[in-house]
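Below: the structure, in structure tokens.
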Amino acid sequence: MTIRLHNTLTRQKEDFTPLDASKVRMYVCGPTVYDYAHIGNARPVIVFDVLYRLLRHTYGEDHVTYVRNITDIDDKINARAAEVAAAKNISVEEARVEITTRTTQQYFDDVTALGCLMPTHNPRATDYVSGMVAMIATLIEAGHAYEAEGHVLYDVSSKPDYGKLSRRSLDEMMAGARVEVAPYKKNPMDFVLWKPSDDLTPGWQSPWGRGRPGWHIECSVMGGALLGDSFDIHGGGVDLMFPHHENEIAQSEGAHHDHPLAQIWMHNGFLQVEGEKMSKSLGNFITIDELLRSEKFGERQWPGSVLRLAMLMTNYAQPIDWTVDRLSEAYSKIASWFVSSFGLTPSTELPVGLIDVLSNDLNTHEAIKILDALCDGAARDPEGKQLLCNALYFLGISPEYEVFKKFRILLREAGSGSELSELELVAKIQDELLLELGVGRQWVDEKIFTRAAARKAKDFKESDRIRDELLAKGIVLKDGPTGTTWEVKR
RNA sequence: GGCCACGUGGCGGAGUGGUUACGCGACGGUCUGCAAAACCGUUUACUCCGGUUCAAUUCCGGACGUGGCCUCCA
């Protein structure tokens, strides 16, 4: 099966042919670790995790290298570090390490909860500073960069195809430029490769004095060090296309004799929250951590699998409006899938067509349709059940206790007489829910027993009264052919 | 202001030059003492205006709308 991917460079869907099929290489821009990752940060992580899984399936697990960097040198980090250093009376460097170490761990915890595999490499910028210095020196030597007032700047006019990714010409950019131009720049669009640090700012020694690398050079160096001068796929958010990715291309290709940095550039779409741009001032800024572990959004916690599915319901390149309704829809879908595949152990056999639709530029929505179809037929098709389980595992959507509990869905299944071996889990969930409602199992059983007698005597008035009494406590009764069962009201 | 995307039924959201995707919801039915759940069925769409075509939601142009980037907020 040929994988087809939309390439931003050509604006077309292309057949994907790895430079070396025994060593497929992908780079995705990772987080700047100064604070909790927000839900917008989660999208590329999830999208490219699915692509990583597809590539591993197609080319073999040992033949795919996935690099996602950790940016731990950055002026936002430095600003935080200065605050923390002042508050705790520690050095700026100590504060920087503390912030980036803690935030990196939070990030890993978050994306793990979202069902994402660990990339092959998670390079930190701080480990690659010498490589950055070397690349900058190479760029100066090649005539692509110049030193000015302690800064080293990339000379965009030295690269005639600058702007090829975002399809902007230098003239257009300068005409539309709104920024005040630093006086030491030859060209307004020249961007910084190295900048000087004062004594209160983290810095490293270099031929141009003590300073720190610019943002763009970090990715060029880490990608080059771990994947080589040219690799297969470079991914990231559409917002990074300009200037970040454009500058990465200029740096890497400028330093590597114009060898193309990446064959295919992929960009995921932006996220809005309830119809508005996410921002701290609007108060709709929401982190992955808050969704997973607080009730800030929609007054409930959301399991990682639900967030993952909500993200994959839409094509990766399209914008997403992140709403409570969307998450609720994902929640009910997840719940029915988990029930249908409950208790099974995943194997490697995948449903027909799943790899095909994913290979078509990651058509995750078509994949969801396949899962829905399997789920529909699950009651009378044990093989379909197993395939559903396998597909969920493949897509990184693993059953979570929280889903079963919060959605009360297993209780319904158990009550309807299906053959569930894990009745203990059901009992455990029931007990927890009853505890929350403040009623005892025995009390419920007695009420049901009394009501059964009333029904037998055709005293429906009394029978309905008891049902309402239980409903008031949050317990819904259901009369089936084998007797009365109950579930906690959702 | 410049550049780039996108605009499908109540909502989410694929896809296609001609054969009303699909999911959720809603409505109807079966079942039930009545319900609930489950199952079966029905229901509505392609922003607007031109053009190309035998035929356009699908191709081209324009308008309007939404969003992104140009400002190291993904």
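Given the structure is predicted, the values throughout are model-derived calculations rather than measurements. All values below come from the heavy atoms of this structure, side chains included, with hydrogens, waters and symmetry mates left out. Here is how names work: the chains are called A, B, and so on, in the same order as the sequence lines, proteins then strands, and each is numbered from 1.
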Could you tell me the separation between the OH atom of A/Tyr331 and the P atom of B/C11, rounded to a whole number of Å? 25 Å
Look at the side chain of A/Val476 and decide which nucleotide, out of B/C34, B/C72, B/A36, has an atom nearest to it. B/A36
Heavy-atom pair with the smallest gap, counting every atom of A/Ile286 and A/Val273: CG2-CG2, 4.2 Å
Would you say a side-chain N or O of A/Arg326 is under 4.0 Å from OP1 or OP2 of B/C24? no
Counting heavy atoms from C-beta on, name the nucleotide in B/A35, B/G68, B/A5 closest to the side chain of A/Asp479. B/A35
Would you mind classifying the nucleic acid contact of A/Arg43 as base, sugar-phosphate or nothing, using non-hydrogen atoms under 4.0 angstrom? nothing
Residues in ring pair (Phe, Tyr, Trp, His ring centres under 6.0 Å) with A/His151, at least two apart? A/Tyr184
Take the protein atom CG of A/Leu165 and the nucleotide atom C1' of B/C4, then report the distance between them rounded to whole Å. 11 Å
Stepwise, does the side-chain hydrogen bond (donor to acceptor under 3.5 Å, both in side chains) test hold for A/Asp321 with A/Gln272? CA-CA 5 Å; A/Asp321 189 13; A/Gln272 283 186 278; 5.7 Å; no
Does OP1 or OP2 of B/G13 have a side-chain N or O of A/Asn363 closer than 4.0 Å? no
Whole Å only: how far is the CD atom of A/Gln272 from the P atom of B/C6? 16 Å
In whole Å, I'd like the distance from the OH atom of A/Tyr36 to the C1' atom of B/C73. 19 Å
Secondary-structure stems for RNA chain B, with pairs counted as Watson-Crick or G-U when both distances are under 3.5 Å and runs at least 3 long: B:1-7 with B:64-70, B:10-12 with B:22-24, B:26-30 with B:38-42, B:47-51 with B:59-63
Describe, in one word, how the ring planes of A/His267 and A/His245 are oriented to each other, choosing from parallel (under 30°), tilted (30 to 60°) and perpendicular (over 60°). tilted
Just wondering, do A/Arg43 and A/Ile320 contact through their side chains at under 4.5 Å, heavy atoms? yes
Scan A/Thr104, A/Thr32, A/Thr126 and name whichever one has a side-chain hydrogen bond (donor to acceptor under 3.5 Å, both in side chains) with A/Asp72. A/Thr126
Taking any heavy-atom pair under 4.0 Å as a contact, classify A/Arg451: base, sugar-phosphate, or nothing. base
May I ask you to say what A/His38 touches in the nucleic acid, namely base, sugar-phosphate or nothing, with a heavy-atom cut-off under 4.0 Å? base
To the nearest Å, give me how far apart CZ (A/Phe460) and P (B/U32) are. 13 Å
Test for a donor-acceptor pair under 3.5 Å between the base of B/G33 and the side chain of A/Ser463, counting only N and O atoms. yes
When you measure only distances, ignoring hydrogens and angles, does the side chain of A/Arg467 come within 3.5 Å of the base of B/A35 through a donor and an acceptor? yes
Does OP1 or OP2 of B/G13 have a side-chain N or O of A/Thr314 closer than 4.0 Å? yes
Nucleotide of B/G12, B/G68, B/C22 approaching A/Met313 most closely (side-chain heavy atoms): B/G12
Round to a whole Å and report the spacing from CG of A/Leu371 to C1' of B/G13. 15 Å
Under-3.5 Å donor-acceptor pair between A/Asp325 side chain and B/G12 base: no
Expressed as a whole number of angstroms, how long is the span from A/Phe242:CZ to B/U71:C1'? 11 Å
When you measure from the side chain of A/Glu246 to the backbone N and O of A/Ser166, does any donor-acceptor pair fall under 3.5 Å? yes
side-chain N/O A/Lys478 vs B/A35 OP1/OP2, d < 4.0 Å: no
Select one nucleotide: of B/C34, B/C72, B/G23, the one nearest the side-chain heavy atoms of A/Asp74. B/C72
